[in-house]
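For reference, the structure discussed in these notes is given below.
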Protein chains: 2
Amino acid sequence: MANSQFKRGELYSFITGLASTAIARRLQKNFKQHGIDITIEQWSVLYHLWKKDGLSQQELCSATFRDKPSITRLVDNLEKQKLVKRVASVKDRRINLIYLSEIAMGLRDQTMDLANRTLNEALTDVTADEIELCKTVLQRVYDNLT
Amino acid sequence: MANSQFKRGELYSFITGLASTAIARRLQKNFKQHGIDITIEQWSVLYHLWKKDGLSQQELCSATFRDKPSITRLVDNLEKQKLVKRVASVKDRRINLIYLSEIAMGLRDQTMDLANRTLNEALTDVTADEIELCKTVLQRVYDNLT
DNA sequence: TTGAATTAGTTGCATAACTAACTAAATATG
DNA sequence: CATATTTAGTTAGTTATGCAACTAATTCAA
């Protein structure tokens, strides 16, 4: 039995995603301390736009594993803060293409640096092999359920 | 360097806690399909009360890694649904002790069973060793940040 | 080519998260 | 003993999530 060692008490912290919550909280705090006024969730959207600007909301849904309403509202808030702009696609007018503002482009390097530093803190004494294994296991878990 | 293999692109899904979100969503769906009308977060509070009834809100904060306002409102909602009751401590009137109702006690076995089954689904083809390693790594990550 | 089905995105409602500011009770200090 | 500090819990405001129901544009099919 693959799962016999996974007892109820341990199950809980796995489900709540303790480690990822702790990392997100710390990163949020680091953003704030550096006067960067965006949430982790907003940052995760920007992250994908930095890789490829002009994604559609639907593409952002897939990239961030969020549902459509979540992306609608994240883009709403990013637009309010003048970090992105919705541009209706000419080819298919149902589609909104999301473009970064100058301000958002300027946030890239600083926030990436903070993210990397936060992660280095979190992963002190964790080896590359361990990270690799965790990643593949968590990916398999995800795939099993989707 | 322990972290050299942990690239930016990978960082993201680690932070969002993909796997734990997927498990939580699936468990929520399973609850719903069995007519159990509680959220995962409420369940996580009940979980600790099933282990030890009559915890204070502060103890529930530590046990669930949530802050005080979160517990206040989770208990609010659990009370509305008549699943728990706040009882002021006689020894220290600042403290609310939280007690399970009969209804909540009755939910224990059924929801535990659903949780275990959900986890078995999620952990198909994941070995006990892999689970053990993930757990210790995630715990170390958490400890590094707290 | 017209009506049905699909796809992209929005809106409404309930729950939950974090921060900051607050009240009330208990403890410490002087 | 009186005041200051700490501790337990609540309230308010903003953001985010999930679900269901919705609109509008596009594509498919009879």
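Keep in mind that what you see is a predicted model, and the values were worked out from it rather than measured. Quick note: numbers below take in every heavy atom, side chains included, and nothing from hydrogens, waters or symmetry partners. Quick note on labels: first sequence line is chain A, next is B, and so on, each numbered from 1.
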- Message: Under 4.0 Å, counting only non-hydrogen atoms across every strand here, what does A:Q42 touch: a base, just sugar-phosphate, or nothing?
- Response: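 The residue A:Q42 makes sugar-phosphate contact but no base contact.
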
- Could you tell me the separation between the SG atom of A:C61 and the CG atom of A:L55, rounded to the nearest 0.5 Å?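 A:C61 atom SG to A:L55 atom CG measures 11.0 Å (nearest 0.5 Å).
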
- Hey, could you give me the CG/CG distance between B:L114 and B:D109, rounded to the nearest 0.5 Å?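 Interatomic distance, B:L114 CG to B:D109 CG, rounded to 0.5 Å: 11.0 Å.
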
- Task: With sequence neighbours excluded, give me every ring-ring contact (aromatic ring centres under 6.0 Å, His included) pair touching residues 66-89 of chain A.
- Result: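 Of all non-adjacent pairs touching residues 66-89 of chain A, none passes ring-ring contact (aromatic ring centres under 6.0 Å, His included).
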
- Item | Pairs where residues 14-23 of chain B contributes a residue and the test salt bridge (charged side-chain N to carboxylate O under 4.0 Å, His left out) is met, not counting sequence neighbours |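 Qualifying pairs, neighbours excluded: none.
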
- Using the side chain to side chain donor-acceptor pair (under 3.5 Å) rule, collect all pairs that involve residues 53-62 of chain A, keeping only residues at least two apart or in two chains.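 For residues 53-62 of chain A, and leaving out neighbouring residues, the side chain to side chain donor-acceptor pair (under 3.5 Å) pairs sorted by first residue read A:S56-A:E59, A:Q57-A:R86, A:Q57-A:N96.
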
- Got a sec? Which of residues 89-107 of chain A come in under 4.0 Å of DNA chain D, heavy atoms?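 Residues of residues 89-107 of chain A under 4.0 Å from DNA chain D: A:D92, A:R93, A:R94.
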
Name all residues meeting the side-chain contact (heavy atoms from CB on, under 4.5 Å) criterion together with [X]; count only those two or more places apart in sequence or in a different chain, and write none if there are none.
X     : result
A:R94 : A:D92
A:K29 : A:Q33
B:E41 : B:T39, B:R66, B:L74
B:P69 : B:D67

- Query: chain B on DNA chain C: first and last contacting nucleotide, 5' to 3', under 4.0 Å to a heavy atom?
  - Reply: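 Contact boundaries, 5' end first: C:dT15 to C:dA26.
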
- Could you check which residues of residues 69-85 of chain B get a heavy atom under 4.0 Å from DNA chain C? Sort them by number, please.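 Heavy-atom contacts with DNA chain C come from B:P69, B:S70, B:L74, B:N77.
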
- Query: Under the 4.5 Å side-chain heavy-atom rule for ILVMFWY, direct or indirect, which residues accompany A:V90?
  - Reply: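 Direct or chained contacts put A:V90 with none.
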
- Taking 5' to 3' order, which nucleotide of DNA chain D is first and which is last to have an atom within less than 4.0 Å of a heavy atom in chain A?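 Boundary nucleotides touching chain A, in 5' to 3' order, are D:dT15 to D:dT26.
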
- Let me know, please, whether A:Q58 or A:T21 comes out on the 5' side of the other along DNA chain C by nearest nucleotide.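 Checking each residue's closest nucleotide, the 5'-ward one belongs to A:Q58.
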
- Item | Non-hydrogen side-chain atoms of B:V141 and A:T124 separated by less than 4.5 Å |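 A side-chain contact under 4.5 Å is absent here.
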
- Task: Using a strict 4.0 Å threshold on nitrogen-to-oxygen distance, state whether A:K80 and A:D76 make a salt bridge.
- Result: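 Salt bridge: no.
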
- Message: Salt bridge check, B:E121 against B:R26: does any charged N sit closer than 4.0 Å to a carboxylate O?
- Response: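 Salt bridge flag = yes for B:E121 with B:R26.
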
